[in-house]
Amino acid sequence: QQPVQSPQAVILREGEDAVINCSSSKALYSVHWYRQKHGEAPVFLMILLKGGEQKGHEKISASFNEKKQQSSLYLTASQLSYSGTYFCGTVDRDDKIIFGKGTRLHILP
Amino acid sequence: DAGVIQSPRHEVTEMGQEVTLRCKPISGHNSLFWYRQTMMRGLELLIYFNNNVPIDDSGMPEDRFSAKMPNASFSTLKIQPSEPRDSAVYFCASSQGTGVLAESTDTQYFGPGTRLTVL
């Protein structure tokens, strides 16, 4: 089952914060986050393993709540370069990675 | 490092023809992944290899698709015969580790992709 991402799209002004959610109906072992700009390949952001850890670098961080089978990506003080489509990929006990449909983020100056 | 290299970058072919996509992973990486991306289905994992051995090919849509990794520096994805519904962007990615996906924290580095159009 494909994880559900929300919101589907969001428009922000530079400097505002955003949260992108990813939820699954299956028990998860890890969650991957990628960003993809139009016409380009996905770029890795981070991977979270089950254990409820929070990871991040600079102004992008993420959390993983394995009990709720949810992960959230936090974008703080967004920059123009953050624009793109964000995908979560969930890995379950079958060791398969399944990606959500993506969240389109557009940052206005 | 040149990153993951894919060829061709664009391929236009007619239904029924054989298509071969090529990938050169980053040197020293031990895992290689083939993905397909379409508007309708999004990003899908087709198959992945650890140390040149196919680990999971359950994402391969049907027998028309086959993938090989004869050595650590080269992989191919072949579609024979091709159909219009195979039109998509095909990405190859590589990572350093060889552990199971569920326990891996290894970054996957994506190639630029091959845009395939089957007429």
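The chains referred to below are lettered A, B, ... by the order of the sequence lines, with proteins before strands, and numbering in each begins at 1.
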Which pairs pass disulfide bond (SG atoms under 2.5 Å apart) with one or both residues in [range], sequence neighbours excluded?
range	result
residues 33-80 of chain B	none
residues 73-109 of chain A	A/Cys22-A/Cys88
residues 18-115 of chain B	B/Cys23-B/Cys92

Any link between [X] and [Y] through a network of hydrophobic side chains (Ile, Leu, Val, Met, Phe, Trp, Tyr) touching at under 4.5 Å?
X	Y	answer
B/Met60	A/Ile97	no
A/Ile98	A/Val91	no
B/Phe65	B/Met69	yes
B/Ile47	B/Val19	yes

Under 4.5 Å from any heavy atom of chain A - which part of B/Met40
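Contact with chain A: backbone only.
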Would you list the atom pairs in which one atom of chain A and one of chain B form a donor-acceptor pair under 3.5 Å?
unit_1  : atom_1 : unit_2   : atom_2 : d
A/Gln36 : OE1    : B/Gln37  : NE2    : 2.9
A/Gln36 : NE2    : B/Gln37  : OE1    : 2.9
A/Asp95 : OD1    : B/Leu101 : N      : 3.0
A/Asp95 : OD1    : B/Ala102 : N      : 2.7
A/Asp95 : OD2    : B/Tyr48  : OH     : 2.9
A/Asp95 : OD2    : B/Leu101 : N      : 3.1
A/Lys96 : NZ     : B/Asp56  : OD2    : 3.0
A/Lys96 : NZ     : B/Ser58  : OG     : 2.6

Exercise: identify the closest heavy-atom pair between A/Ala41 and B/Pro112
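Result for this residue pair: CB-CA, 4.4 Å.
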